[in-house]
Enquirer: 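Please see the structure below; I have some questions.
Residue numbering restarts at 1 for every chain, and letters A, B, ... go by the order of the sequence lines. Basis for what follows: all heavy atoms, side chains included, without hydrogens, waters or symmetry-related copies.
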Amino acid sequence: MKSIYGFTNLEIARLLRKVAAAYTILGENRFRVLAYESAATAIEHATSEAKDLWDDGKLEDIPGVGKNIADHLDELFRTGKVGHFEVVLKKMPPAMFNLLDLPGFGPKKAHKLVIELGINDPHNAINELKKAAKQHQIASLKNFGEKSEKDILEGIRLYELGQVKENRMSLVFADQLAEDLISYLKENAGEEILKIEKLGSLRRRVSTIGDVDLAIATRKPEEVLKIFTGYPRKKQIIERGPTGASLLISSGRQVDLRVCSPEDWGSMLQYFTGSKQHNIHLREWARQGGNSLSEYGIKSLKNGMIKQFSEEDIFYKYLGMEWIPPEIREDTGEIEAALGKKLPKLVELKEIRGDLQTHSNYNVEPSHDLGADTMESMLQVAKDLNYEYLAFSEHNPSVSNHSEEQIINILTARLAYIEHLRKSTNSIHILNLLEVDIDTKGILNLPKGAELLLDGCLASIHSNFNLGREEMTKRVIKGLSHPLVRIFAHPTGRLLGTREGYELDWETIFRFLLDNDKAIEINAYPNRLDLPDTLVREAIKRGVKLSLGTDAHNKEDLNLMRFGVSVARRGWSQASDIINTWDYDKILLWLKKRVRG
DNA sequence: GCCGTTTTCGGCCCGACTGTTTTCAGTCG
């Protein structure tokens, strides 16, 4: 049965959290509450849309979703609502759910304030709360005081500024911020720093980062913290304790530092790398074996003894599993794989032999951006990166300003120039590609004869992002069917923090790519990181090949490849999944293959 | 409500912080 109710995972997660909040107030069994919350988190982070799983009758494949919740969601997809949830939620004052978005608010606080202050209008709940706080109606309530009243106002202020959530920075930005801080610390406290490492989502290489977290192993924590809090770019010290400190720095971002003794380094690194879901699952596992985990080590539940770990890999080994690379610590099967000693050997940057999407300033008169640097200067950087080959893939000549003949002339001249460079450059190979728009009808503007002037093409969407899922899928498939196309570039079209991608039927796209031996790109450009990691994993599960490209528009951008590798690793990719790991002869042969879909 | 080294019954992650309290509840990561 096909549903007409296309609830997104995020919407479902929010619904389940509302039910959990209501159950909390109703005094339900706390483990039932926990079950709803963990199901919400699992669905929010699932690699497939719950709706698609429902279509296939596989909702219960999501860990934390059992028969009960699956039945409720079945009703949701069939009828658009869940009778049982409606009954439960109706017992609550509706305005309380609107307060849950405020920092420091859980179900109990939200419920109590809504009742005590008589807040009735859900759409105006936060404003009414603000008014009450300003009139000092909150401090006099039992279990509240002056401070909590002030905290509530501050929370509302942050919420209104949009700083509560989703004000995340790009991985690349966060990484640079961390690197700057690390060099400052090494310069000024180098002697005291025994080990230093990034933590949290930054270490896991998530595509967007909230706070920057760092860890240092040292014998002199006070001295290190003193130097940290003296960072010249800080605006304010948010927190300072014996084991760590937090700074607000001038860009408005928060950075946290944790310090510990070298004996505790492994445990601490494990604990603060997360993810939260990974750690919860790991602790559940450890508990089965009679152990309890924390940032101080592994405690035996039998005798209360804590075993310390100076190295993280020994920590995992002690639990009977392989060391798990941070990038895949998301509780999506990595713990089971590590226990079975079946973790994939994730691809590494050094295995990448070339960049498959770059733009030089060679002028093919495109409608999109040209690159800023010459082919020669980009080749020099590529050589420094020890690449075996570099692809140039300028945008196609603009459609409206050129006749077919003119386009052929431009490409002929470009090929001649590349041939000239190939003769004078012997230490690196050049691949002659073009990035071509897929227009609204799925047509590529490549005149007859272009196939003789190019090694191959990337195809991508640059306009009309608003088509529906079905129409967009047809458009893409038609575009990819062109025999010259070998790679589907920045496939979702997302721009992090700016634009959601368009919708595609991924099952159909993946099958097409597999059947026609075409590859899908992981675009390493900072605000793209597209294909996203979750879809990377889906792609390689089906055997679809990946192509890595920086989309460099100047020679410095060629250094962004490591972020593409991070995405690949988060998607569980091995070298064998990625065509950039092939040598020049193999990749050239593959690019020149002509497959009409 | 979920789930399975032992367990289809009987468990269910850990510690810190904060603000309000006289010993703890709520929230967070």
Enquirer: Using a heavy-atom cut-off of under 4.0 Å over every strand shown, decide if A:V65 touches base, sugar-phosphate, or nothing.
Expert: sugar-phosphate
Enquirer: Just to be sure I understand the rule, does A:I69 reach a base, reach only the sugar-phosphate, or reach nothing, if contact means heavy atoms closer than 4.0 Å?
Expert: sugar-phosphate
Enquirer: For A:P107 and A:V33, find the nucleotide of DNA chain B closest to each by heavy atoms; which residue's nucleotide sits nearer the 5' end?
Expert: A:V33
Enquirer: Considering only the P atoms, how many Å lie between B:dC12 and B:dT5, rounded to the nearest integer?
Expert: 16 Å
Enquirer: Do nucleotides 17-22 of chain B as a string where each nucleotide becomes B, S or -: B if the base has a protein heavy atom under 4.0 Å, S if just the sugar-phosphate does, - if no protein is that close.
Expert: --SSS-
Enquirer: Between A:K109 and B:dG26, is there a side-chain N or O to OP1/OP2 distance below 4.0 Å?
Expert: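 For B:dG26, neither OP1 nor OP2 has a side-chain N or O of A:K109 closer than 4.0 Å.
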Enquirer: Between P on B:dC28 and CZ on A:F272, what's the gap in Å once rounded to a whole number?
Expert: 17 Å
Enquirer: Which word best sums up how the rings of A:F309 and A:Y318 line up, parallel for under 30°, tilted for 30 to 60°, or perpendicular for over 60°?
Expert: perpendicular
Enquirer: Looking only at the side chain of A:R287 (C-beta and beyond, no hydrogens), which of the listed nucleotides B:dA16, B:dC12, B:dT27 gets closest?
Expert: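 So the side chain of A:R287 is nearest to B:dC12.
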Enquirer: Test your reading of the model: is there a side-chain donor-acceptor pair from A:N9 to the backbone of A:I43, 3.5 Å cut-off?
Expert: yes
Enquirer: Looking at A:N303 and A:M305, would you say the former's side chain and the latter's main chain have a donor-acceptor pair under 3.5 Å?
Expert: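 A pair under 3.5 Å: yes.
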Enquirer: Provide the full list of side-chain hydrogen bond (donor to acceptor under 3.5 Å, both in side chains) pairs with a residue in residues 211-229 of chain A, sequence neighbours left out, each pair given once.
Expert: A:R219-A:E263
Enquirer: Using whole Å, report how far CD of A:Q254 lies from P of B:dC28.
Expert: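 Interatomic distance, CD of A:Q254 to P of B:dC28: 15 Å.
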Enquirer: Could you give the distance separating B:dT8 and B:dG1 at their C1' atoms, to the nearest angstrom?
Expert: 15 Å
Enquirer: Among residues two or more places apart or on two chains, list those pairs meeting ring-ring contact (aromatic ring centres under 6.0 Å, His included) that have a residue in residues 198-228 of chain A.
Expert: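 Those involving residues 198-228 of chain A do not exist here.
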Enquirer: Is any side-chain N or O of A:R32 closer than 4.0 Å to OP1 or OP2 of B:dC12?
Expert: no
Enquirer: What distance, rounded to whole Å, do you find between the two C1' atoms, one in B:dT20 and one in B:dA25?
Expert: 9 Å
Enquirer: Closer than 4.0 Å, any side-chain N/O of A:Y296 to the OP1 or OP2 of B:dA16?
Expert: yes
Enquirer: Report the base-pairing partner of B:dT8 (Watson-Crick or G-U wobble, both distances below 3.5 angstrom), or none.
Expert: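 WC or wobble partner does not exist here.
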Enquirer: If I pick the C1' atom on B:dG11 and the same atom on B:dT6, what distance separates them, to the nearest angstrom?
Expert: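 Going atom to atom, C1' in each nucleotide, I get 12 Å.
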Enquirer: Checking all strands, does A:S38 fall into the base, sugar-phosphate, or nothing category for heavy-atom contacts under 4.0 angstrom?
Expert: nothing
Enquirer: Sticking with atom P, work out how far B:dT21 lies from B:dG26, rounded to a whole angstrom.
Expert: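 These two P atoms come out 13 Å apart once rounded.
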Enquirer: Taking only the C1' atom of each, what is the distance from B:dT7 to B:dC2 in whole angstrom?
Expert: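 Straight-line distance between the two C1' atoms is 13 Å.
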Enquirer: Is A:Q288 touching bases, backbone alone, or none of the nucleic acid, heavy atoms closer than 4.0 Å?
Expert: base
Enquirer: In whole Å, what separates the C1' atom of B:dG10 from that of B:dG15?
Expert: 25 Å
Enquirer: Is there a donor and acceptor pair closer than 3.5 Å between the side chain of A:Y271 and the base of B:dG29?
Expert: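 Yes.
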Enquirer: Does any pair with a residue in residues 112-122 of chain A pass side-chain hydrogen bond (donor to acceptor under 3.5 Å, both in side chains), and if so which ones, sequence neighbours excluded?
Expert: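 Matches after skipping sequence neighbours: none remain.
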Enquirer: Give every donor-acceptor pair under 3.5 Å between a side-chain atom in residues 122-134 of chain A and any protein atom, sequence neighbours left out.
Expert:
| from | atom 1 | to | atom 2 | distance (Å) |
| --- | --- | --- | --- | --- |
| A:N124 | OD1 | A:N127 | ND2 | 3.1 |
| A:K130 | NZ | A:E160 | OE1 | 3.2 |
| A:K130 | NZ | A:E160 | OE2 | 3.0 |

Enquirer: Calculate the interatomic distance between A:N291 atom CG and B:dT5 atom P; express it in whole Å.
Expert: 16 Å
Enquirer: If you only use heavy atoms from C-beta on, which nucleotide in B:dG1, B:dT7, B:dA16 is closest to the side chain of A:A35?
Expert: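 Between B:dG1, B:dT7, B:dA16, the one nearest the side chain of A:A35 would be B:dG1.
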Enquirer: Roughly how many Å is it from CG in A:L293 to C1' in B:dG29, rounded to a whole number?
Expert: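 In whole Å, B:dG29 C1' lies 16 Å from A:L293 CG.
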Enquirer: Over how many whole Å does the gap from A:Q277 atom CD to B:dC28 atom P extend?
Expert: 15 Å
Enquirer: Stacking between A:W285 and B:dT5, defined as ring centres under 5.5 angstrom apart with planes under 30°, is that present or not?
Expert: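 So A:W285 counts as stacking on the base.
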Enquirer: Using whole Å, report how far CG of A:L301 lies from P of B:dG11.
Expert: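 Going from A:L301 (CG) to B:dG11 (P), I get 14 Å.
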Enquirer: Of all residues at least two apart in sequence or in a different chain, which pass the ring-ring contact (aromatic ring centres under 6.0 Å, His included) check with A:Y231?
Expert: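 Testing A:Y231 for ring-ring contact (aromatic ring centres under 6.0 Å, His included), a comparison that skips the adjacent residues, returns A:Y184.
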Enquirer: Would you kindly give the CG-to-C1' distance between A:D264 and B:dG15, to the nearest whole Å?
Expert: 14 Å
Enquirer: How long is the line joining CD of A:E284 and P of B:dT6, in whole Å?
Expert: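 Atom CD in A:E284 sits about 16 Å away from atom P in B:dT6.
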Enquirer: Anything under 30° is parallel, anything over 60° is perpendicular, the rest tilted; go ahead and classify A:Y36 against A:F85.
Expert: perpendicular
